[in-house]
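Heads up: the structure comes next, in structure tokens.
Numbered from 1 within each chain, the chains take letters A, B, ... in sequence-line order.
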Number of protein chains: 2
Amino acid sequence: MSYPSRNGLTANVSTEVLCGRILERHRDAIRVQKTHIAVANLARIIDATLKLSNRQGFQATTLRDLAKTTGLSMGGLYSYFSGKPMLLSMILREVASTVADVLSKPPQEVTIDAAAHLRWLIESHIRLTETLQPWFVFAYMEAKAFPPAERRIAIDSEALTEAIIARVLEQGAAAGIFALSDVGLTAALIKPLLQDWYVKRAKYRRRGISIDTYIAAVISFVTAAISAKEPTPAVPVDLA
Amino acid sequence: MSYPSRNGLTANVSTEVLCGRILERHRDAIRVQKTHIAVANLARIIDATLKLSNRQGFQATTLRDLAKTTGLSMGGLYSYFSGKPMLLSMILREVASTVADVLSKPPQEVTIDAAAHLRWLIESHIRLTETLQPWFVFAYMEAKAFPPAERRIAIDSEALTEAIIARVLEQGAAAGIFALSDVGLTAALIKPLLQDWYVKRAKYRRRGISIDTYIAAVISFVTAAISAKEPTPAVPVDLA
DNA sequence: ATAAAAGGAGCGAACGCTCGCTATATGCGG
DNA sequence: CCGCATATAGCGAGCGTTCGCTCCTTTTAT
């Protein structure tokens with residue numbers, strides 16, 4: 001029943017793997033040469049950054065906090081990034097690229113049926129953001145203060161996710177499986193249901209709701225909302 | 001036949017009114033005596049705080065920024081609050097108390113029918129957060145960095161809203177109008193649909209989606225998701 | 001022995017906040 | 001209606017602190 005991700009997701013998405021990609025992407029800016037040392041310390045730095053920032057905000061997280069938490073010195077830290085803005089950029093770019101990578105590669109057997117594809121998207125997104133929760137919370141909460149270039153990345157990443165959802169909705173609508181008045185708007189409404197799991201995870205933990213329960217609830221909620229079994233009820237509100 | 005809020009909401013909820021209540025609540029801590037001066041300057045201070053904080057974060061908003069934006073001096077600001085934490089607290093308490101006040105007072109004609117009551121809750125919440133968008137964004141985005149007392153308020157406020165939704169869902173389920181497996185979880189899923197309007201308002205503005213369109217979309221999405229399929233028509237207009 | 005990596009004192013800038021001062025409004029006897 | 005005394009509101013230089021960041025030194029690994 002559990003569609004995705006058991007295959008490749010959990011294996012390919014971990015702090016170590018992501019930090020490895022970050023190192024590649026910023027080889028020229030990172031002064032530490034030995035890969036195993038660089039990756040290990042990058043992981044400690046980014047772990048600490050996410051942990052501290054998600055508690056008190058990135059802006060309020062000082063390099064001295066970071067030094068204390070990682071065990072590195074002030075000078076040591078600067079062998080791994082050129083300053084706080086670069087640290088922010090490293091994390092954000094990696095999140096955006098990972099989500100694009102995962103969601104754009106559905107297993108073939110799922111793509112024939114729009115309903116199955118949609119279920120796969122929902123479960124994959126929630127499981128991915130579960131694994132990388134601190135990364136996604138960071139990107140979500142700090143986005144408003146990003147410098148322009150990073151802001152663009154965050155906006156494009158969100159738009160891409162919604163476009164992927166919208167395309168599947170459109171296929172389903174064309175096949176007569178889904179009944180939708182506005183594909184883009186419906187995709188926009190599905191997105192916050194996916195995000196709530198990582199944004200308000202403390203709330204769901206407090207209530208004892210497991211990830212499997214949550215995934216099932218979102219799938220059933222969304223499916224019921226858009227399936228074409230009977231013609232969709234008219235909108236009750238008349239405006240103006 | 002737009003249900004709520006046109007009546008009392010827009011009139012009773014404005015920066016001036018809220019700042020008046022803030023002044024009452026903190027009479028002893030605010031050194032400025034004349035009410036009209038205090039309210040006017042409080043409004044300027046809070047407007048500036050929300051505007052700057054929602055762009056760059058509360059922590060990154062300095063008192064010098066605030067002084068420049070309001071036209072007051074550093075010293076002048078301190079006649080209105082004892083420090084940044086109190087400024088935070090003033091805004092948050094007012095948001096929490098306002099949302100509790102509005103949602104707990106549905107018009108009588110709406111409370112007889114759970115479906116109508118739910119539609120009223122959805123529309124009222126979205127319209128309230130539209131009017132006070134900067135306030136709600138502030139409370140939402142800064143909550144994680146709140147001191148313990150303010151954190152409690154934020155958590156309780158969110159829990160209260162969901163409890164109000166859940167109670168209406170329960171009534172509808174008891175009446176056979178709604179089909180739900182888990183009332184609390186369903187309420188928890190409805191909440192982010194209400195919040196998305198103010199959290200990601202830039203996105204909806206970019207797409208040209210009006211508040212009326214959004215309200216209609218959420219109502220239709222939620223209604224379709226939870227309606228009991230067989231007996232009751234999806235949208236009962238007004239029956240006992 | 002030599003290069004890579006980590007250390008940490010110190011720099012100028014900016015922070016939250018204070019305090020002694022000035023400017024403005026208000027009340028009142030002449 | 002005036003001129004003056006008093007209270008209220010506002011001002012902004014300056015305090016101690018902490019920030020991001022640099023740079024020279026020490027430690028570690030090869």
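A donor atom on one side chain and an acceptor atom on the other are not found under 3.5 Å apart for B:Ser97 and B:Arg21.
Taking 4.0 angstrom as the limit, A:Asn41 places a side-chain polar atom (N or O) nearer than this to OP1 or OP2 of C:dA6. Phosphate proximity of C:dA6 to A:Tyr80: present, with a side-chain N or O under 4.0 Å from OP1 or OP2. OP1 or OP2 of C:dC15 lies within a sub-4.0 Å distance of a side-chain N or O belonging to B:Thr62. The side chain of B:Ser73 contributes an N or O atom lying less than 4.0 Å from OP1 or OP2 of D:dC11.
With D:dG20, C:dC17, D:dA9 as the candidates, the nucleotide lying closest to the side chain of B:Lys34 is D:dA9. Comparing C:dA6, C:dG16, D:dC21 by their nearest atom to the side chain of A:Ile37 picks out C:dA6.
In summary, A:Glu123 and A:Arg119 do not engage in a salt bridge, as defined by a charged side-chain N under 4.0 Å from a carboxylate O.
Remark: side-chain polar atoms of A:Gln33 are paired, donor with acceptor, to backbone N or O of A:Arg31 under 3.5 angstrom.
Counting to the nearest Å, the P atom of C:dC15 and the CG atom of B:Asp65 are 7 Å from each other. Rounded to an integer number of Å, the gap from CG of A:Leu77 to P of D:dT22 is 13 Å. B:Arg31 has its CZ atom 10 Å from the C1' atom of C:dT18, to the nearest Å. Computed from coordinates, the A:Leu72 CG to C:dG8 C1' distance equals 13 Å when rounded to whole Å. Following rounding to the nearest Å, A:Gln59 (CD) and C:dA14 (P) show an atom-to-atom distance of 13 Å.
Residue B:Lys84 places its NZ atom among more than 12 non-hydrogen atoms of other residues, nucleotides or ligands, all under 6.0 Å distant.
Backbone-only engagement by B:Thr61 is indicated by non-hydrogen atom pairs under 4.0 Å involving sugar-phosphate atoms exclusively.
For B:Arg64 and B:Val32, each mapped to the nucleotide of DNA chain D holding its nearest heavy atom, the one lying further toward the 5' end belongs to B:Val32. The residue among B:Met74 and A:Gly83 whose nearest nucleotide of DNA chain D lies closer to the 5′ end is B:Met74.
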